[in-house]
Amino acid sequence: MNEPTDPRRRRFLTNSLLATSAVLLAGCDRLSRSDTMSRLFDAGEALTQRAQRLLASRESLAREYAPKDIAPTFRANGTTNPQNEAYRRLAANGFRDWRLTIDGLVERPQTFSLDELKAMPSRTQITRHDCVEGWSCIGQWTGVVLGDLLAQVGVRDEARFVVFHCADRYHGTDPYYESLDMLEAYHPQTLLAYDLNGTDLPIANGAPLRLRAERQLGYKMAKYVMRVELVESFAHLGRGRGGYWEDRGYQWWAGI
Amino acid sequence: MRVFKTWLGTNSGQTPTVIQRHSAFTRVWHWVNAVCLLVLLMSGLQIFNAHPALYWGKDSHFDSPALSIRAMSGNDGELRGITQVGTYRFDTTGVLGVSGPRDARERRAFPAWITLPSPRWLAAGRQWHFLAAWIFVPMLIAYLLYLVISGQLRRRLLPRRREWRSIGHTLYEHLRLRFPKGEEARHYNLLQKLAYLLVLFVITPLIILTGLTMSPTMDATWPWLLDVFGGRQSARTIHFLCALALVGFFLIHIVLVLVSGVVNNLRSMITGRYVLLPKTAPETAPEKEARDE
């Protein structure tokens with residue numbers, strides 16, 4: 001028998017240990033992709049959504065902060081400069097030719113220019129942006145209350161979700177999109193914001209218009225919004241999970 | 001053979017006293033907990049890896065984190081893992097910041113072998129974390145209620161006045177790895193009681209509440225959470241520290257289970273039966289007896 005310090009023996013032991021843990025970890029990773037686990041994960045997500053909806057009232061507001069709490073620079077994440085031709089042209093012209101379309105299950109489909117949106121009654125709020133990665137950043141947003149816009153176009157009864165179609169393709173993949181249910185869409189702090197910290201929304205943060213849904217995580221708050229569509233179901237969009245990141249495994253309910 | 005009997009707590013010829021130490025509920029709770037906490041820890045580290053820095057306050061002051069784990073290129077061009085706590089920097093290459101085989105170093109805060117799932121995969125980490133939390137939290141609430149309603153909290157966990165008087169002695173005996181035997185082992189000693197009370201009533205409630213504080217919907221629902229913990233980023237830091245405390249508890253727990261009669265301890269958490277070790281010749285350590293054979 002070899003001495004305990006024999007390097008071969010030690011290497012064998014180390015390798016066996018590494019191999020065992022690799023097998024275990026690979027098992028866990030396979031499990032993460034299995035149908036059983038994804039059904040359990042979906043059940044957990046449904047439970048979270050229901051529990052939070054039960055506890056949070058319709059009107060419970062996200063905390064609003066004081067001007068002194070505003071972060072010196074608001075961190076930009078995801079796409080920070082869309083490269084597609086159409087968007088570049090709109091940006092070059094200061095978004096004067098940009099139009100927001102609201103259509104789908106509405107009584108009066110409509111388009112709005114940036115000036116038209118800015119002429120509407122606005123709301124300004126200093127809120128905390130929570131990224132799914134874990135960081136937070138405080139900024140001041142001004143925009144149109146989404147509920148006001150929805151009232152203007154007249155939402156039909158069948159509509160259950162508001163979908164936001166965006167100009168950006170993260171890393172050149174599929175178009176970014178997001179969706180909110182009617183409860184979150186009509187929340188008094190849910191805005192389509194065109195102003196950050198008192199100046200026009202910078203391109204890095206979603207110019208000319210981005211969504212603010214203050215009781216949700218950052219990835220719900222679509223940037224570069226081009227079109228708002230009212231739908232009964234989002235199953236036909238993207239991979240059918242209700243958003244760009246949802247299609248890549250993130251929860252549709254991003255309240256946690 | 002006698003060694004084995006010592007482990008079982010049945011040496012020295014006396015008829016051992018066998019007690020029913022843990023109820024079925026406690027036993028099931030313990031093992032489900034063990035799995036949940038392992039999943040919560042490993043998936044939590046996966047989530048941490050998505051933004052490996054901690055801050056104090058309402059939001060993230062990106063240039064002055066309280067703790068950060070980063071990868072940096074050293075002078076020799078090799079990747080170094082740098083862990084910074086306040087202004088103190090540590091080279092943690094191989095474990096924190098940079099890990100993996102030497103020829104395929106990876107930039108990641110916590111290494112692949114301790115995160116769930118092991119590759120960088122935040123979405124799945126969150127799914128595991130919340131699923132485990134949905135099992136862990138209701139079970140914990142049920143267990144705390146059970147402790148209170150059954151009277152076990154008062155009978156078994158709340159320290160008695162006379163125990164405080166001998167705290168120095170108990171601590172000294174523990175540090176020498178000499179554990180109560182006979183009738184004394186029938187009940188938890190003061191250190192056990194304090195450890196369990198701290199974990200059950202301080203650390204776990206704290207880790208749950210700080211976890212909830214990270215949820216934007218919960219902050220809108222219960223805004224007091226933000227005030228209690230001094231902001232979402234402080235809550236995230238406290239959440240991490242509580243996890244660290246639970247890892248500490250776990251390590252001490254495992255060591256004590258191993259050195260104070262592992263078979264007896266494990267059996268008491270599986271079947272409930274626990275043998276009170278006879279109180280003979282306390283100065284004879286089990287190893288010494290074994291050598292005498």
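Chain A is the first sequence line, chain B the second, and so forth, proteins listed ahead of strands; every chain is numbered from 1.
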- Task: Please determine, among A:Glu214, A:Arg33, A:Arg248, A:Gln189, the option with the most heavy-atom pairs under 4.5 Å with chain B.
- Result: A:Arg33
- Closest-packed option against chain A by number of heavy-atom pairs under 4.5 Å, given B:Pro216, B:Pro223, B:Ala220, B:Ala50: B:Pro216
- Query: Given that the side chain runs from C-beta out, which part of A:Arg53 has a heavy atom under 4.5 Å from chain B: side chain, backbone, both or neither?
  - Reply: neither
- Message: Can you confirm if the aromatic rings of A:Tyr219 and A:Tyr250 lie within a centre distance of less than 6.0 Å?
- Response: yes
- Item | B:Arg120 and B:Thr115: side chain donor to acceptor below 3.5 Å | no
- Please state whether the side chain, the backbone, both or neither of B:Arg126 comes within less than 4.5 Å of a heavy atom of chain A. both
- Is it the backbone or the side chain of B:Phe48 that comes under 4.5 Å from a heavy atom of chain A, or both, or neither? neither
- Query: Taking every heavy-atom pair that is under 4.5 Å apart, which of A:Thr73, A:Ile256, A:Leu55 has the most such pairs with chain B?
  - Reply: A:Ile256
- Centroid-to-centroid, A:Phe41 to B:Trp128, below 6.0 Å? yes
- Result for salt bridge (Lys or Arg N to Asp or Glu O under 4.0 Å) between A:Glu178 and one of A:Arg212, A:Lys223, A:Lys220 points to A:Lys220
- Interface residue of largest heavy-atom contact number with chain B, from A:Ser60, A:Pro72, A:Ala71, under 4.5 Å: A:Ser60
- Where on B:Leu131 is there a heavy atom nearer than 4.5 Å to chain A: the side chain, the backbone, both, or neither? side chain
- Message: Tell me which of these, A:Arg75, A:Met37, A:Glu45, has more heavy-atom pairs under 4.5 Å with chain B than the rest.
- Response: A:Arg75
- Task: May I ask you to decide if the ring planes of B:His253 and B:His30 are parallel, tilted or perpendicular, using 30° and 60° as cut-offs?
- Result: tilted
- Which class fits the ring pair B:Tyr143 and B:Trp29: parallel under 30°, tilted 30 to 60°, perpendicular over 60°? parallel
- Message: Can you tell me which portion of A:Ala43 sits under 4.5 Å from chain B's heavy atoms? Options are side chain, backbone, both or neither.
- Response: neither
- Note on the structure: chain B shares the most heavy-atom pairs under 4.5 Å, among A:Gly255, A:Ser32, A:Ala56, A:Cys131, with A:Gly255
- Query: Hey, which of A:Gly44, A:Gly134, A:Ala62 has the most heavy atom pairs under 4.5 Å with chain B?
  - Reply: A:Gly134
- Sort A:Leu61 into side chain, backbone, both or neither according to what part of it lies under 4.5 angstrom from a heavy atom of chain B. backbone
- Item | Parallel, tilted or perpendicular: ring planes of A:His165 versus A:Tyr177, cut at 30 and 60 degrees | parallel
- Message: B:Ser118 vs B:Trp113, test: side-chain hydrogen bond (donor to acceptor under 3.5 Å, both in side chains). Steps then yes/no.
- Response: CA-CA 6 Å; B:Ser118 49; B:Trp113 56 266; over 6 Å; no
- Query: Is the centre of the A:Phe161 ring less than 6.0 Å from the centre of the A:Phe234 ring?
  - Reply: yes
